[in-house]
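Notes follow the structure.
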There are 2 protein chains.
Amino acid sequence: MPRELFTWIDPGWAFALLTLGVLAAGLAAMSSEQAADPLPSWNDTAAKKAIVEFVRKVTTEGAPDFVPAAERIAVFDNDGTLWSEQPLYFQMAFVLDRVKALAPGHPEWKEKEPFASLLKGDLKSALAGGEPAAFEILKATHAGMTTDEFAKIAGDWIATAKHPKTGRLYTEMIFQPMLELLAYLRANGFKTFIVSGGGIEFLRPWAEKVYGIPPEQVVGSSIKTKYELRNGRPVLVRLPEMNFFDEKAGKPVGIHSHIGRRPIAAFGNSDGDQQMLQWTAAGGGVRFLALVHHTDAEREWAYDRASFIGRLDKALDEAKEKGWTVISMKDDWNRIFPFETK
Amino acid sequence: MPRELFTWIDPGWAFALLTLGVLAAGLAAMSSEQAADPLPSWNDTAAKKAIVEFVRKVTTEGAPDFVPAAERIAVFDNDGTLWSEQPLYFQMAFVLDRVKALAPGHPEWKEKEPFASLLKGDLKSALAGGEPAAFEILKATHAGMTTDEFAKIAGDWIATAKHPKTGRLYTEMIFQPMLELLAYLRANGFKTFIVSGGGIEFLRPWAEKVYGIPPEQVVGSSIKTKYELRNGRPVLVRLPEMNFFDEKAGKPVGIHSHIGRRPIAAFGNSDGDQQMLQWTAAGGGVRFLALVHHTDAEREWAYDRASFIGRLDKALDEAKEKGWTVISMKDDWNRIFPFETK
């Protein structure tokens with residue numbers, strides 16, 4: 001760039017021009033922001049008002065509840081909070097598909113539980129063996145390969161597998177109002193994290209593209225890995241050994257381990273999220289705690305206290321007792337999935 | 001704000017004004033940036049040139065080595081890389097001070113190893129008991145309290161404890177050239193992470209203030225914690241059980257667990273960082289690998305292959321073999337600590 005081009009621009013003058021430009025653009029943006037609702041899939045009910053009011057409080061500089069941007073941490077459960085979880089957790093569908101894909105190399109599975117039942121599609125009998133059976137399945141499908149290999153397996157599956165009821169990709173069965181909420185919080189200086197009972201390595205290959213949440217902001221359950229040089233090339237090998245369960249009382253542990261500071265907002269949908277909400281609530285200052293309540297049997301599913309998947313019972317009682325926000329999918333959301341036309 | 005104030009501002013006009021302002025300010029900034037060196041404590045040697053060249057390559061849009069900002073992850077060891085580590089790791093000084101502070105409540109320590117030797121200041125005899133002895137010390141000083149309590153203990157200590165040789169606060173014994181490097185990388189869209197063999201909970205209370213690195217970007221060794229309700233209040237209790245050693249082959253594991261993608265730049269100083277550099281180097285595309293070599297006995301310390309603390313031997317060989325950058329503190333840095341006057 002020729003020197004003359006910028007030597008005639010006096011920094012003081014440039015700064016004045018910049019200030020004026022920013023001011024003008026800011027005013028114009030304000031005027032259009034008043035028109036554009038950042039949460040259009042949310043009805044104008046108490047839940048939406050509470051969210052907007054919370055964000056206003058923590059972002060208003062000089063106000064008593066102001067929170068510096070660096071401390072605006074919001075955590076989100078995944079299954080049932082950001083995407084659906086019926087008729088069974090989507091990672092379980094991945095497991096079933098993996099067992100089928102691997103079966104030709106394991107002729108003994110035809111006779112051997114829990115695989116024999118799995119291959120017949122009988123999940124209930126397969127899991128009758130309890131935790132040891134579940135662990136056998138986990139080992140067979142999630143361990144033994146390198147982390148790069150597993151990321152490819154999970155990424156390939158999620159790119160093509162379809163949900164049995166809707167026929168949609170699983171990544172299409174995400175909740176449009178929660179996408180808007182994630183974007184709204186980030187636009188207000190929040191860092192958004194997933195804190196899932198699901199596998200951290202199952203989530204990371206697609207969470208950034210689907211939710212805008214980068215790998216370093218995903219917390220989840222994990223198995224141990226081991227560093228090795230294979231023909232001089234470093235790999236991390238996934239071992240058949242649990243490292244961490246990011247569920248129930250594990251969620252505050254996972255949050256503390258990965259994030260190292262307490263969130264000011266937490267969103268869940270089941271008893272598995274109760275301790276995460278308690279931990280978030282117990283910090284000083286204003287907090288936002290919410291549970292997504294699956295109340296819409298027509299557009300999604302309706303279940304709570306009696307459900308095997310995503311049971312919401314104790315946490316619902318605590319929400320009522322403590323005044324946490326309960327988001328009714330039927331009443332508070334005018335749109336559930338991005339593919340719905342309004 | 002009265003409506004009239006922004007209705008007269010046409011968004012298109014505001015945008016044009018903003019563009020002009022940004023352009024003018026950008027040109028002015030370029031002209032002053034050419035004058036202001038972002039790495040003034042680095043001599044104009046090969047190390048500095050290599051860093052600047054690497055940053056130029058990965059940030060030049062459209063160039064073959066361009067890396068999107070989201071993937072610009074840089075990892076830094078702490079002890080010996082961001083701050084000094086002699087005559088012993090600073091966290092060991094914390095341990096010695098904790099043992100002294102806790103001794104009045106443990107009269108039995110006067111007779112009981114490894115505490116008896118520690119209280120006499122005889123670290124060598126204390127550690128003669130090997131790993132079990134080290135673990136006894138760790139349990140006594142790092143476990144049993146809540147995470148909030150430990151953060152306060154570590155934060156209070158670091159705010160007042162002084163280094164035996166310089167009489168300075170430990171947080172003053174950080175390397176000015178590395179502070180400049182951290183800021184320079186962040187200004188170029190990098191996310192900077194600490195990946196330390198030291199305790200994650202020991203680092204987090206002060207890393208943000210001292211290095212500008214937030215708690216969620218600190219990876220380190222850890223002990224297990226457990227979620228509990230104490231009088232209805234949630235706490236995380238630090239258990240006398242190791243969770244993770246973030247050292248040597250543990251560093252790639254810690255990086256993968258916390259960050260979930262491969263760094264493109266890694267800075268260490270000892271054999272404990274060798275695998276972190278290998279793991280970083282093995283990704284596709286351009287990479288920057290560097291070792292800080294302690295070569296300045298006058299201004300800091302000089303040590304490498306024979307040192308018990310921060311031994312640099314195998315990693316130095318690999319650096320020479322692979323062409324990793326070796327930063328000589330004596331030759332490449334014109335200033336070491338922020339408190340030095342030039």
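Proteins come first, then strands; the chains are lettered A, B, ... in the order of their sequence lines, and each starts at number 1.
When each of B:Lys191, B:Arg233, B:Gln275 is scored by its heavy-atom pairs under 4.5 Å with chain A, the top score falls to B:Gln275. Comparing B:Pro214, B:Ala151, B:Gly260, B:Gly250 by how many heavy-atom pairs each has under 4.5 Å with chain A, the most go to B:Gly260. Between chain B and the residues A:Ile73, A:Ile200, A:Val253, the most heavy-atom pairs under 4.5 angstrom are made by A:Val253. Of the residues considered (A:Ser257, A:Gly220, A:Ser222, A:Ala281), A:Ser257 shows the highest number of contacts with chain B, using heavy-atom pairs under 4.5 Å.
Of residues 236-249 of chain B, those residues with a non-hydrogen atom less than 4.5 Å from any non-hydrogen atom of chain A are, in numerical order, B:Leu236, B:Ala249.
In this structure, B:Lys314 places its NZ atom where only 12 or fewer heavy-atom neighbours from other residues, nucleotides or ligands lie under 6.0 Å away. Surrounding NZ of B:Lys322 are more than 12 heavy atoms belonging to other residues, nucleotides or ligands, all under 6.0 Å away.
Residue A:Val218 does not touch chain B at all, counting heavy-atom pairs closer than 4.5 Å. Residue B:Val219 does not touch chain A at all, counting heavy-atom pairs closer than 4.5 Å. Neither the backbone nor the side chain of B:Glu228 comes within less than 4.5 Å of any heavy atom of chain A. Contacts of A:Glu208 with chain B are made by side-chain atoms alone, with heavy-atom separations under 4.5 Å and no backbone atom involved.
Checked against B:Pro215 for a side chain to side chain contact (heavy atoms under 4.5 Å, CB included), the options A:Arg261, A:His256, A:Glu71 give a single hit: A:Arg261.
A:Trp279 and B:Pro234 get closest at one heavy-atom pair: CZ3-O, 3.8 Å. For the residue pair B:Gln278 and A:Leu229, the shortest heavy atom distance occurs at OE1-CD2, 4.0 Å.
For the pair B:Glu216/A:Glu216, no side-chain contact is recorded, criterion being any heavy-atom separation below 4.5 Å from C-beta on. Counting heavy atoms from C-beta outward, A:Arg262 and B:Asp148 have side chains that approach closer than 4.5 Å.
The aromatic rings of B:His258 and A:His258 lie parallel to each other, their planes meeting at an angle below 30°, with 60° marking the opposite boundary.
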